[in-house]
Amino acid sequence: MNERARRLLELADDELVLGWRDSEWTGIAPSLEEDVAFSSISQNEIGHARALYELAAQELGTTADELAFDRQPEEYLSAPLVELRRLEWARTIARHYLYETADAVRIEALRTSDDPEVAGLAAKIEREEAYHLMHAELWIDRMLATDEGRARLQEAVEELWPYALGVLPAELRGELVARVGLADLEAIERETHTDELAPLWEEMTMVRRSAPAGAQW
C-alpha cells in the first residue's frame with residue numbers, strides 16, 4: 001500500500017470508529033440537546049469516512065463498503081484514541097476536544113496538499129469539522145467553570161493525551177502540542193490496537209457478515 005492510500009485509510013478508519021463511539025451516547029447523553037449533538041456529529045464522522053474510503057478504494061481496486069466492513073480488526077489503521085470505549089462524560093469531552101484539535105491539524109495539512117483530489121476532499125470535510133471543534137471547545141469552557149469539572153477534565157486529558165499524540169504523524173505533533181499547551185510525551189502509536197476494537201468491530205460488521213455472500217448494498 002502506498003503512502004497516499006495509507007493516509008486516507010488512517011483518517012477514514014479514525015472517522016468511522018469514532019463515529020460509532022460517539023453514537024453510543026444516543027439516548028443516554030446528559031441532555032436532549034447533547035443527545036442530538038452527538039448523534040449529528042456521529043453521522044458527520046461516518047459520512048466523512050465514506051468519502052475517504054471511496055477515494056482510497058479507487059486506488060486500491062475495491063469499494064468503500066469492503067474497506068469499511070470486510071477487513072479484520074487487525075487490518076484497521078485507526079488510532080487507539082478513537083477505539084477506547086469511554087462512556088463517562090468528562091473523558092468523552094476530553095477525547096472529543098483532543099481528537100478534533102488533532103484532526104484540525106491533519107485536515108489543514110491535507111488541504112494544502114498538491115494532490116487535488118485529497119486537497120478538495122479535505123476542504124469539504126474541514127467545514128463540518130470546524131463545528132465539531134467549536135462544540136468541543138464550548139464544553140471545555142463549561143467544565144473549566146467549576147472546580148469539580150476542572151478536576152475531572154484535567155484527569156481525563158492527562159489520561160488521553162498520549163493517545164491524542166498518536167493520531168498524528170510525528171511531523172505534525174509539534175503543532176498539536178502548541179495548540180493544546182501540553183508537554184510532548186511519547187505517543188501511543190497506531191501500530192497497536194486496544195482490546196476494545198474487536199468487540200466494536202463485531203458490532204459494526206454484524207449486518208454485513210450476516211448477509212449471503214455476494215449481496216449488494
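Keep in mind that this is a model prediction, so the values were computed, not measured.
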Can the ring centroids of F38 and H96 be said to lie less than 6.0 angstrom from one another?
-> yes
Smallest heavy-atom separation, E83 atom then S78 atom, equals OE2-OG, 2.8 Å
Here the pair of heavy atoms bringing A164 nearest to A102 is O-CB, 4.4 Å
Side chains of E117 and E59: does their closest heavy-atom pair fall under 4.5 Å?
-> no
Residue pair E100 / H135, side-chain heavy-atom distance below 4.5 Å | no
Kindly work out whether a path of hydrophobic side-chain contacts (I/L/V/M/F/W/Y, heavy atoms less than 4.5 Å apart) joins L144 to L98.
-> yes
Is L165 linked to L81 within one hydrophobic cluster, defined over Ile, Leu, Val, Met, Phe, Trp and Tyr using a side-chain heavy-atom separation of less than 4.5 Å?
-> yes
Kindly indicate whether the side chain of L121, heavy atoms from C-beta on, has any atom under 4.5 Å from the side chain of L52.
-> yes
When L8, L9, T63 are each screened for side-chain contact (heavy atoms from CB on, under 4.5 Å) with Y53, the one that passes is L9
Kindly confirm or rule out a cation-pi arrangement of R152 over W139, judged by NZ or CZ under 6.0 Å from the six-membered ring centre and within 45° of its axis?
-> no
Quick one: do E137 and R179 make a salt bridge, cutoff under 4.0 Å?
-> no
Sub-4.5 Å side-chain heavy-atom contact between W201 and E74 = no
Could you work out the complete set of other residues in the hydrophobic cluster of M134, with links drawn between I, L, V, M, F, W and Y side chains under 4.5 Å apart?
-> Y131
Charged N-O contact under 4.0 Å between R21 and E24 | yes
In plain terms, say whether R71 and D13 are close enough for a salt bridge, that is, a side-chain N and a carboxylate O under 4.0 Å apart.
-> yes
Do I125 and I41 share a hydrophobic cluster (ILVMFWY, side-chain heavy atoms under 4.5 Å, transitive)?
-> no
Would one find more than 12 heavy atoms of other residues, nucleotides or ligands at under 6.0 Å from atom CD of E171?
-> yes
Does the side chain to side chain donor-acceptor pair (under 3.5 Å) test come out yes or no for Q58 and E54, once each step is laid out?
-> CA-CA 6 Å; Q58 295 173 15; E54 287 175 345; over 6 Å; no
Any L110 side-chain heavy atom under 4.5 Å of L11 side chain = yes
Give the minimum heavy-atom separation between R106 and L172, together with the two atoms involved.
-> CA-CD1, 4.2 Å
Under a 4.0 Å N-O cut-off, is there an ion pair linking R209 with E202?
-> yes
Would a distance-only check, ignoring hydrogens and angles, find a side-chain to backbone donor-acceptor pair under 3.5 Å from D184 to V177?
-> no
Say whether, by atom type as modelled, one donor and one acceptor occur between the side chain of H193 and the main chain of Y76 under 3.5 angstrom.
-> yes
